[in-house]
Structure formats: C-alpha cells, structure tokens
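Chain letters run A, B, ... following the sequence lines, proteins first, then strands; residues in each count from 1.
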Amino acid sequence: MTLRASLSGFPEWLPGGRVVEQQILDTARRAFELHGFASLETRSVEPVDVLLRKGEVDKEVYAVRRLHDDDESALALHFDLTVPFARYVVENAGQLSFPFRRYQIQRVWRGERPQEGRFREFTQADIDIVDVGVLAQHHDAEMAMVMADVFADLPIPPTVILLNNRKVLQGVYRGLGIADTPSVLRAIDKLDKVGVDKVRDLLQAAGLTAQQADLCLALADIRSADGSFVDRVRALGIEDPLLDEGLAELLEVLEVVNHARPGAAGVDLHIARGLDYYTGTVYETQVVGHETFGSICSGGRYDALATDGTTTYPGVGISLGVTRLVSLLLGRDLVRASRPVPSAVLVAVVGEESREASNAVAHILRSRGIPCEVAPAAEKFGKQIRHADRRGIPFVWFPDAAGDTVKDIRSGEQVGADATTWAPPDTDLRPRVVVVAEGDEGAT
RNA sequence: GUGGGUGUAGCUCAGCUGGUAGAGCGCUGCGUUGUGGUCGCAGAUGUCGCGGGUUCGAGUCCCGUCACUCACCCCA
C-alpha cells in the first residue's frame, strides 16, 4: 500500500506514490502550457457566500476561522477551482485579455464522507476559458482535446471522455412538460448504480407519468461514438428549440474532438453532472476497464457563473482529478514508480576518513545532472549495496585511489568508471512510472 | 448527517463455547570479519483502538466511545 490512511479522506502518499502523482502533475502542466494556458493560483479561502451563492445546495464546505476569534468573517476552503476562478475573473476583468485561458492546479476541500476514490482534500488540475458576453462554441471541443492530450501522455489505460449537453436534457424535459428538472437529472445520473427499475421509481416519485419516465429513460439510454445519437433522439418525437440547439452543439463537439483525437470522446446522454451552474456541454471521463470507479476528469460550460451584474463572462472548463487518478493507479496496482527516491547512484564510503572523497565524486556527478547520494555510514560494502537495493537505487559507486568502479546492482556487472564521463542509461537517470504487467505481483 | 462492517506485531491476518497472545512477510544478527539479492540458523517486537462493566480470570461477553471502512448523499 502506498496510501497512509491515518486521517480518513486526507491522503498522504508514500514516496513511490508521490513519484506517480508528480508525473501526472508534470504531464498535465506540460500539456496545458503547450495549449497556451497561463498558470494561475487563487487563495485557498473564499467568503462562504461566494462558495454557496451558486446553487443553494449546502455543499460540504469547510469553514475556516481563527481559534481565538468568535468571529464574523465567514471564510471557507474552496470547494472547487471554478467558482474561485469566476470570482477572480470578475475582480480582475480590467487587467485580463479575453478570451482568457488559464490552468490552475491546486488542492480543494469537500467535507463529504470519504470512500474509494473520494477524498476530503484532493488536487484538481483545471483548465478554463472565459470570454466577455459570448464564448465561442469551439472551445467546448478544445477542452476535451487538451485533456485527451494529457491522457495520451500518461502511462494509464485508455480513457474515454463522455459528452452530453444540458440543453439536450432540458429541451427534452421541457418538451415533455416536466417541471422539476433537477430531481430528474439526479435520478438519471444514478442509472449505472441502481439500475433502470429503481430510476423509473425515482422518476415517478418525482411526479412524472409512466410515459414521461420511460421517455427520459430512453433518452438516457442513448450512447454513441458517432453522430448517430441525433437520429435516435429525434426518434423520440420530442420537439423543443432548446433540444435542437443542444443537439447541434453536442454533435459539433463530438465531431471535432473525434476528428482530431479519434476515439477520445463519445456521447452519453445519461451524464448529467451534479453542479448546477453548467448550462451546455458537460464532460465526464472514464478509465476503460474501471468504469465504476467514477469520473477522473469532469467539467462543463457555464454561461452565467461569472457576472458583475452588468457584464457576464461565459466560460467552459474541465478538471482532472489528480488525487482520484493516483489512488486508482496505486490502489489497483496499475502502475508503479521504478524507485521511490531520485538517486540513480549511491556513492559508497570506504571509511569515515575518506567520506570527503565520496562527496567529491557525488559533486561531480551532480554537476552533470546525475542525482546521487552518499552512503550514510561507512559500513561493510555488502550493507551499503543493500542500502541501495532497498531504495531501488540502481548503481553503487566505489571510490578507489587505484581507479573508481561502478556497479549495476541488478545485473551485478561492475566496471571501471570516471565520474567526469560516466552516466547511467537514460531510463535509469530519474524515477519513472512503469505500467505493471498483467499478473506481475510483488517487487517494488 | 444516516445505516452496516472492522479495529490483535512495521504489514497481511489467525486466535473455537472466557484460562494470561500466534503465523507469514518484513526487520536484526550469524554462516559469508569490506560486494547485497538465494539459502540455512538464531533473535527482537505488542498499552489485543480507548474507557467502563460482568467474572476468580476478558483479545474473547456487555455498555459506551473513537478511528477506519462500505453504502446513502454528493462528486474529481
């Protein structure tokens, strides 16, 4: 296990797990910057009313206050990165140029009961684009393509970004004369978990007729990797202008994404998304073979979230659940770090009186970009090698006045070497994330 | 917040109807006295989650409490 569960919901990885997490963070950052997103960080805390304004839903928000104040200022840890970003855009609109694109990688906090893949403190890697007044539709497809690039660069199983559009759902519900859209959305969202019959019960409990419920279920049942979903929705025979708009948008996003990144996305009309500020496209991402684990990357378009009263800043964003993804990869042993420490070389110490000579070797290696450490004690070489072995350090360097040698402790091969010219193979230079082969148990 | 399950060595767990705590892995040492991994031998380690109760006696039964975990809720 690479997860310490001392405080439930506040994960702390062991060093090997952190290697995996950092690789994901580096990969995301790299992809985001290649797509021109500027880095941004917002404060961890927001006034409570900012966090709760959108959607009365008493989100599981953590309040923050000084222990000694009886206090007034109701602050809370942010619940996601989208709402603080919307606030930031409104506050700094005068100094930003639009359309504004930024990425933001930070922790967020939610006071929900933890479970597999669900934490109270976790890291999101978020990208958003906002504009003034109107945001071009093509950005909806762009979001999915950027994330597809991230996934393509990660050592993880295939993923699929599932698309839907709130307008399609709302258009259908409105066309059916259904008033209570939110509870229908919530019921539909449970399809995978509780099954068709339970959801039908829920829908009827929400006041739908049997016929309405069946049409909602038929709609939710539509999934496709191509444009064929449009005809299947039409076949339900429901007419509504919002539906037309939603279908057109959804079709465009799907076609653009899959043209550029074949197979990266699919349409799934039962994706609803809980957050209430979404107004159009919504995204959810499954890891193939781990569909029940939950979405590792979600988001959507919000046309009315950011506003100062006179000007509205519509946006679209998507957020990678870094912590959730790491917990999936480690918890199911899908990947491992090649070693938990950066060191590629352990420089042995012959005797404490010659530690300086070992330090000098290490200094030269480091100056050439080779991470290394010096043995902590001048023990017998067997123990020094074992020290390296346990940490996964592949090479042990033996300083010797008659000529240094370096040993690859995996093969046992030991050769003469000069610190000014020797280098490990590229694959050993830094810890790597390696995919665990089927049935490959044990080992570090 | 509501309901179920679990809490014994660093880790995974065993411990039957109460009789003073065990295994595997890991760890330490030796065989091999400055070249590890395999193998063999030897060894160390526990407030049995915490508090109370019943009992001659509680890891075991009862009550409470905390933590973890699963489900609901919600979601990355």
Side-chain angles (χ1 to χ4, degrees), chain A residues 1-11 14 24 28 55 57-61 78-82 105-126 147 159 182-183 185-187 189-190 193-194 198 202 271-276 278 282-287 292-300 317-328 331 346 348-351 354 375 377-400 405-414 441-444:
Chain A
M1 276 301 267
T2 33
L3 174 68
R4 316 290 303 180
S6 51
L7 224 194
S8 175
F10 296 86
L14 290 171
I24 291 171
V57 200
D58 54 88
K59 303 209 162 129
E60 303 278 2
V61 164
H78 56 219
F79 184 86
D80 64 14
L81 301 177
T82 307
I105 300 176
Q106 280 180 255
R107 297 202 185 202
V108 305
W109 293 267
R110 299 184 185 178
E112 297 155 358
R113 276 276 189 281
Q115 263 169 55
E116 183 187 39
R118 301 178 49 202
F119 303 96
R120 289 172 156 168
E121 176 180 67
F122 57 97
T123 300
Q124 290 191 319
D126 198 288
M147 285 302 182
T159 57
S183 55
L185 286 178
R186 250 180 284 124
D189 206 41
K190 286 182 190 146
K193 275 192 176 172
V194 298
K198 287 263 173 59
L202 284 170
I271 303 295
R273 304 273 68 229
L275 294 177
D276 33 1
Y278 294 129
V282 290
Y283 317 88
E284 206 161 279
T285 306
Q286 292 180 341
V287 177
T292 57
F293 189 76
S295 172
I296 56 153
C297 183
S298 306
I318 187 166
S319 189
L320 172 65
V322 175
T323 307
R324 173 174 285 182
L325 179 56
V326 172
S327 77
L328 171 70
L346 177 78
V349 174
V350 179
S354 69
E379 295 178 291
K380 291 191 290 187
F381 285 161
K383 287 198 179 169
Q384 297 194 44
I385 290 169
R386 194 172 64 182
H387 178 89
D389 189 32
R390 291 204 177 140
R391 301 173 144 226
I393 300 171
F395 294 95
V396 177
W397 190 282
F398 296 96
D400 187 332
T405 55
V406 65
K407 174 180 183 125
D408 180 334
I409 65 173
R410 295 159 302 190
S411 64
E413 186 190 8
Q414 186 165 348
E441 305 291 323
T444 310

If you check every side-chain atom of R118(A), which of C75(B), C68(B), G29(B) has the closest atom?
C75(B)
Side chain of Q115(A) - closest among C75(B), U35(B), C70(B)
C70(B)
Any donor-acceptor pair under 3.5 Å linking the side chain of S295(A) with the backbone of E284(A)?
no
Quickly work out the I393(A) CD1 to G37(B) C1' distance and round it to whole Å.
15 Å
Mate of G1(B) where both pairing distances stay under 3.5 Å, Watson-Crick or G-U
C72(B)
How is R186(A) classified with respect to the nucleic acid when contacts are heavy atoms under 4.0 Å: base, sugar-phosphate, or nothing?
sugar-phosphate
Taking atom types as they are modelled, is there a donor-acceptor pair under 3.5 Å from the base of C74(B) to the side chain of R110(A)?
no
Closest nucleotide among C74(B), G36(B), U28(B) to the R390(A) side chain
U28(B)
Value in whole Å for how far the C1' atom of C75(B) lies from CD1 of I296(A):
14 Å
Quick check against the 3.5 Å criterion: does R120(A) have a side-chain atom that pairs as donor or acceptor with the backbone of F10(A)?
no
For a quick check of understanding: with a heavy-atom distance under 4.0 Å over all strands, which category does V108(A) fall into, base, sugar-phosphate or nothing?
nothing
With distance as the sole test, does Q106(A) use its side chain to make a donor-acceptor pair with the main-chain N or O of L81(A) at under 3.5 Å?
no
How is I409(A) classified with respect to the nucleic acid when contacts are heavy atoms under 4.0 Å: base, sugar-phosphate, or nothing?
base
Which nucleotide in the list C75(B), G29(B), A71(B) gets nearest to the side chain of R113(A)?
A71(B)
Mind checking V349(A) for me? I need base, sugar-phosphate or nothing, with any heavy atom below 4.0 Å counting as a touch.
base
Going by modelled atom types, is there a donor-acceptor pair between the base of U35(B) and the side chain of Q414(A) at under 3.5 Å?
yes
Is G117(A) touching bases, backbone alone, or none of the nucleic acid, heavy atoms closer than 4.0 Å?
base
Determine which nucleotide pairs with U47(B), using a 3.5 Å limit on both distances of a Watson-Crick or G-U wobble pair.
none
Re C13(B): Watson-Crick or G-U wobble partner, both distances kept under 3.5 Å, found to be G22(B)
